[in-house]
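Beneath this line is the structure, given in structure tokens, with notes to follow.
As the structure is a computational prediction, the values presented were derived from the model and not from experiment.
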Amino acid sequence: MTQTDHRTEEQHMLAGGKKPRVRFAPSPTGLMHIGGYRTELFNWLFARKTGGEFILRIEDTDTLRTAEGAVEFLIEGTQWLGMDIDEGPGVGGPYGPYYQTSRKALYLQYANQLIESGHAYRCYCTPERLDAMRKEQQAQNLPPRYDHRCRYLTAEQRAANEAEGQRWTVRFATNLEGETLVHDELRGDIVFQNANVDDTILLKTNGLPTYHLAHVVDDHLMDITHLIRAEEWISSAPLHVQIWNALGWEIPLIYHVPDVLGKDKRKLSKRHGAPSWKELQQQGFLPEAVVNFLALIGWSYDDKTEFFTREELIQAFSLDRVSVSGAIYDAEKLAWMNGVYIRKLSIEEMAQRTLPYMERPEAEGGLPDGIQRPLDLAYTQRVLSLEQERLRTLGEAAHAVSFFYTDDWDYETPLIQKGMDVEGTKNALTRTRDLLKGLDPWESAGLEEQMRALMTELGLKPGQFLGAARVAVSGRKATPPLFQMIAVLGRERTLARIDRALASLG
């Protein structure tokens with residue numbers, strides 16, 4: 001099937017030309033790591049591909065675990081990655097509010113509707129009783145599941161509990177017999193035995209919903225057409241289907257996308273060292289490279305294409321190309337891909353985007369504090385043009401080029417190269433200094449021609465002669481090409497450094 005075929009298929013997936021509406025609905029119980037943004041990206045790409053709408057909704061009903069600043073952090077990351085939202089916090093929209101804690105009355109309304117229709121009931125069991133029940137089930141090697149005690153209370157028993165002021169939750173009365181079929185657009189029909197579906201809590205004692213009720217209500221009221229979420233929700237899907245059916249609502253098209261895995265093939269988490277978007281930003285990853293990388297975790301266009309611009313990703317994306325098996329987050333591949341993106345930048349743009357990393361304090365990975373800020377842009381462009389091929393992140397630039405800006409460094413590697421001695425090294429450097437003093441014009445091609453001629457005259461190998469010169473002017477073994485480096489450093493600074501090297505040799 002061609003790319004055009006995919007686009008036509010997805011744009012007309014809904015009857016009557018209804019515009020697709022998708023949502024990303026994270027819980028702010030912590031700072032989301034970068035893997036979480038992959039599922040958000042799939043939703044956003046699908047919305048942009050189909051001309052649909054992308055909604056951000058905050059599922060903040062777990063108030064005890066809500067982390068301060070998590071919502072702001074999430075939104076900043078979404079913005080950094082370039083995913084614009086059509087409705088949500090800070091944007092508004094006709095289906096708001098977009099925080100679940102602000103929609104409490106709605107959940108109570110539908111919980112009561114389920115109770116009245118016999119599809120839910122109030123449960124008065126205390127945490128102590130539930131804990132004892134679970135321990136007994138564990139002792140008998142039974143799966144932990146509610147024992148239906150409150151499901152069969154008489155009207156008189158319920159009235160007595162209410163009169164006593166007992167606290168209650170609302171549980172869903174699942175079908176006890178038969179099967180529930182969940183149709184996953186990626187995985188096909190998945191059949192669950194109803195005997196294995198628990199009477200799950202829908203409304204907590206504080207009146208706030210659990211995910212199971214809240215997302216069904218919100219997805220219906222917000223007119224969500226395609227439910228694109230992580231595969232961890234597959235086991236809960238039969239419960240959700242039963243709730244949708246009990247409320248008489250149309251079920252969105254469901255896509256359980258594969259988990260992002262660590263190298264141990266378990267779900268990616270902080271224990272795998274999964275970075276946040278902020279950490280990647282601080283290290284100098286380009287957001288466009290991160291988006292390209294994330295899109296390929298669980299999705300592919302073909303077996304050979306790896307690089308996409310944002311617009312190319314939107315045009316190429318298709319939900320039927322999403323895999324059903326987990327994909328591994330490969331930090332090395334991300335660094336490699338980011339390096340490719342850096343090399344695609346014009347030197348002007350690269351310098352503009354790298355300067356903030358170089359000019360930040362030394363303790364944060366910038367150039368030594370003794371170097372005056374702001375840096376000279378024209379000089380920095382010349383310096384970075386020599387390192388562009390080697391950088392994998394913009395944050396590496398400060399260390400890589402620091403010797404272009406300061407003479408306050410120690411030799412990281414010996415001046416004397418293999419097969420040479422002190423006198424031979426001093427002679428080579430002295431002859432090099434004398435040569436460079438009168439060389440005109442000062443440009444890399446002439447530098448290379450004259451220095452290689454001197455090397456031949458001295459009977460030295462490139463590793464010996466050029467290696468000694470490299471260490472003398474930079475203090476390092478690994479640098480940009482020697483002749484280009486000397487051209488950028490300039491005559492005065494190059495000669496001063498050779499004199500310094502000669503002095504170190506005594």
Side-chain angles (χ1 to χ4, degrees), residues 25 27-29 57-66 97 99-140 142-178 180 192-221 235-249:
S27 176
T29 53
R57 188 175 72 220
I58 306 301
E59 302 201 342
D60 59 342
T61 59
D62 192 350
T63 53
L64 294 178
R65 296 176 58 218
T66 296
Y99 287 87
Q100 287 186 333
T101 49
S102 301
R103 302 169 64 84
K104 186 175 178 179
L106 288 169
Y107 308 125
L108 180 60
Q109 172 189 335
Y110 288 105
N112 285 333
Q113 179 177 321
L114 289 169
I115 291 173
E116 291 169 5
S117 65
H119 291 99
Y121 57 93
R122 288 186 177 183
C123 175
Y124 304 92
C125 293
T126 64
E128 292 75 18
R129 181 188 179 271
L130 294 174
D131 185 56
M133 179 192 72
R134 291 189 195 97
K135 288 179 179 177
E136 183 177 343
Q137 290 171 338
Q138 289 173 356
Q140 300 179 40
L142 296 173
R145 190 170 296 133
Y146 184 60
D147 61 4
H148 300 150
R149 174 177 176 174
C150 291
R151 182 168 179 164
Y152 301 114
L153 294 178
T154 65
E156 293 75 16
Q157 289 172 317
R158 296 184 187 282
N161 288 340
E162 298 291 333
E164 293 175 7
Q166 291 189 27
R167 291 167 63 84
W168 47 265
T169 60
V170 175
R171 288 184 181 271
F172 186 70
T174 56
N175 301 329
L176 299 177
E177 299 178 348
T180 295
F192 295 85
Q193 299 301 313
N194 289 334
N196 297 326
V197 182
D198 197 9
D199 279 14
T200 304
I201 292 175
L202 301 182
L203 207 68
K204 296 176 282 190
T205 56
N206 61 4
L208 287 172
T210 62
Y211 169 82
H212 307 292
L213 175 64
H215 94 275
V216 169
V217 170
D218 289 342
D219 286 349
H220 173 72
L221 296 182
S235 61
S236 301
L239 168 66
H240 303 157
V241 166
Q242 289 189 32
I243 297 172
W244 269 306
N245 290 335
L247 290 167
W249 293 343

- Do Gln100 and Leu208 touch side chain to side chain, with heavy atoms closer than 4.5 Å? no

- Message: Measuring only between side-chain heavy atoms, which start at C-beta, is Val170 closer than 4.5 Å to Leu114?
- Response: no

From [X] [atom1] over to [Y] [atom2], what is the distance, rounded to the nearest 0.5 angstrom?
| X | Y | atom1 | atom2 | value |
| --- | --- | --- | --- | --- |
| His148 | Thr174 | NE2 | OG1 | 5.0 Å |
| Asn112 | Leu203 | CG | CG | 8.0 Å |
| Cys123 | Arg129 | SG | CZ | 7.5 Å |
| Gln137 | Tyr146 | CD | OH | 11.0 Å |
| Thr61 | Leu213 | OG1 | CG | 9.5 Å |
| Thr169 | Tyr124 | OG1 | OH | 9.5 Å |

- Query: Does the separation of the ring centres of His240 and Tyr211 fall below 6.0 angstrom?
  - Reply: yes

What is the minimum heavy-atom distance between [X] and [Y], and which atoms define it?
| X | Y | answer |
| --- | --- | --- |
| Cys125 | Arg149 | SG-CD, 4.4 Å |
| Ser236 | His212 | OG-CE1, 3.7 Å |
| Arg103 | Pro97 | NH1-O, 3.0 Å |
| Ile243 | Leu202 | CD1-CD2, 3.7 Å |
| Ile115 | Tyr121 | CG1-N, 4.1 Å |

- Task: May I have all residue pairs that pass salt bridge (Lys or Arg N to Asp or Glu O under 4.0 Å) and include part of residues 194-207, sequence neighbours excluded?
- Result: Arg151-Asp199

- Query: Which pairs count as salt bridge (Lys or Arg N to Asp or Glu O under 4.0 Å) when at least one residue sits in residues 154-172, sequence neighbours excluded?
  - Reply: Arg122-Glu162

- Message: Check this for me: Gln157, atom CD, are more than 12 non-hydrogen atoms of other residues, nucleotides or ligands nearer than 6.0 Å?
- Response: yes

- Message: Please determine whether the number of non-hydrogen atoms from other residues, nucleotides or ligands lying under 6.0 Å from atom CD of Glu177 exceeds 12.
- Response: no

- Taking only residues two or more places apart in sequence or in another chain, which ones pass side chain to side chain donor-acceptor pair (under 3.5 Å) with His215? Arg229

- Name all residues meeting the side chain to side chain donor-acceptor pair (under 3.5 Å) criterion together with Thr29; count only those two or more places apart in sequence or in a different chain, and write none if there are none. none

- Tyr107: what forms a ring-ring contact (aromatic ring centres under 6.0 Å, His included) with it, not counting sequence neighbours? none

- Query: What pairs with His220 under ring-ring contact (aromatic ring centres under 6.0 Å, His included), at least two apart in sequence or on another chain?
  - Reply: Trp249

- Query: Which is it for Phe172 and Gln242 under the side-chain contact (heavy atoms from CB on, under 4.5 Å) test, yes or no, and what are the steps along the way?
  - Reply: CA-CA 9 Å; Phe172 186 70; Gln242 289 189 32; 3.7 Å; yes

- Task: For the residue pair Asp60 and Thr66, confirm or rule out a side-chain donor-acceptor distance under 3.5 Å.
- Result: no

- For Leu142 and Glu136, run side-chain contact (heavy atoms from CB on, under 4.5 Å): C-alpha distance rounded to whole Å, both residues' side-chain angles, the deciding distance at 0.1 Å, then the answer. CA-CA 9 Å; Leu142 296 173; Glu136 183 177 343; over 6 Å; no

- Task: Take His119 and Ser117 through the test side chain to side chain donor-acceptor pair (under 3.5 Å) and record every step on the way to the result.
- Result: CA-CA 6 Å; His119 291 99; Ser117 65; 2.8 Å; yes

